[in-house]
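Here the structure is laid out as structure tokens; the discussion comes afterwards.
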Amino acid sequence: MYICIVRKTKKETEKTIDDLLDSAISLCIKDGYSAVTLEQIAAKIGMTRGAFYHHFKSKEDILNAVIKRERNSFENKLQDLFTEEEEPLVHLKKILDHIIENFFGNKRFNRFIHFTWFKIESSMIEHKFFYQGATNERLVTEI
């Protein structure tokens with residue numbers, strides 16, 4: 001008997017990870033972080049628990065990945081804005097527009113905010129605010 005292992009491309013792996021993160025956010029918004037299991041997160045995208053462990057070690061690991069993904073997405077755009085040479089008021093307006101657009105126009109970011117602000121229990125509070133503090137410090141420095 002031969003077992004065929006299909007290797008995914010980097011792009012396919014990134015899509016799988018994004019799907020897992022989106023699955024985790026959806027389930028946690030619905031049921032709360034502590035109520036959601038790894039099996040539920042994996043099953044929502046048709047994956048087994050064992051396959052989940054290929055990408056993440058724990059539920060805390062996936063929480064950190066969700067926070068990191070959204071923070072990086074937000075900060076990468078800010079970094080682009082920070083490097084632009086503009087008149088200060090124009091520069092500030094672009095930065096504030098980006099922040100407002102993320103809160104109101106970016107559905108994925110909006111769901112992330114809802115998840116981290118309202119669906120993670122207080123025992124996970126250090127994870128919620130560690131990344132936000134770093135982002136806020138960067139904003140203050142740049143502005």
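What you see below is based on every heavy atom in this structure, not just the backbone, and it leaves out hydrogens, waters and symmetry mates.
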Q. What's the spacing between Q79 CD and E84 CD if we round to 0.5 Å?
A. 11.0 Å

(Q) Working to the nearest 0.5 angstrom, can you tell me the gap between H54 NE2 and T48 OG1? (A) 11.0 Å

Q: Can you measure from NZ (K59) to CD1 (I41) and round to the nearest 0.5 angstrom?
A: 6.5 Å

Q: Give, for atom CD of E60 and atom CG of L63, the distance between the pair rounded to the nearest 0.5 Å.
A: 7.0 Å

Q) What's the verdict on side-chain contact (heavy atoms from CB on, under 4.5 Å) for D18 and R69, showing C-alpha distance, side-chain angles and the deciding distance? A) CA-CA 9 Å; D18 271 346; R69 176 182 74 172; 3.1 Å; yes

Q) Are the side chain of T16 and the backbone N or O of E12 linked by a donor-acceptor pair below 3.5 Å? A) yes

Q) Where do H98 and D80 land on the side-chain contact (heavy atoms from CB on, under 4.5 Å) test, with the steps shown first? A) CA-CA 11 Å; H98 171 63; D80 293 343; over 6 Å; no

Q) Do you know the tightest heavy-atom contact between A42 and F52? A) CB-CB, 4.0 Å

Q) Under the 3.5 angstrom rule, does the side chain of H91 hit a backbone N or O of E85 as a donor-acceptor pair? A) no

(Q) I'd like to know if the side chain of N110 reaches the main chain of N106, judged simply by a donor and an acceptor atom lying under 3.5 Å from each other, with no hydrogens or angles considered. (A) no

Q: Have a look at E70 and tell me which of K107, R108, R111 forms a salt bridge (charged side-chain N to carboxylate O under 4.0 Å, His left out) with it.
A: R108

Q) Hey, does the side chain of S26 reach the backbone of D22 with a donor-acceptor pair shorter than 3.5 angstrom? A) yes

Q) How long is the gap from CD on E101 to NZ on K77, to the nearest 0.5 Å? A) 10.0 Å

Q. With hydrophobic residues grouped by side-chain heavy-atom distances under 4.5 Å, do F112 and I100 end up in a single group?
A. yes

Q. Closest approach of L20 and I62, non-hydrogen atoms and distance?
A. O-CD1, 3.7 Å

Q. What pair of heavy atoms forms the shortest contact from I95 to L81, and how long is it?
A. CA-CD1, 4.0 Å

Q. According to the interplanar angle, ranging from 0 to 90°, do the rings of F109 and F74 count as parallel (below 30°), tilted (30 to 60°) or perpendicular (above 60°)?
A. parallel

Q: Before giving the answer on side-chain contact (heavy atoms from CB on, under 4.5 Å), spell out for Y53 and L38 the whole-Å C-alpha distance, their side-chain angles and the decisive distance to 0.1 Å.
A: CA-CA 9 Å; Y53 282 117; L38 300 178; 3.0 Å; yes

**Q.** Shortest non-hydrogen contact from Q40 toward V36
**A.** OE1-CA, 3.2 Å

Q.
Rounded at 0.5 Å granularity, tell me how far NZ in K15 sits from CG in D19.
A. 3.5 Å

(Q) With a 4.5 Å cut-off on side-chain heavy-atom distances among I, L, V, M, F, W and Y, is there a chain of contacts connecting F104 to I29? (A) yes

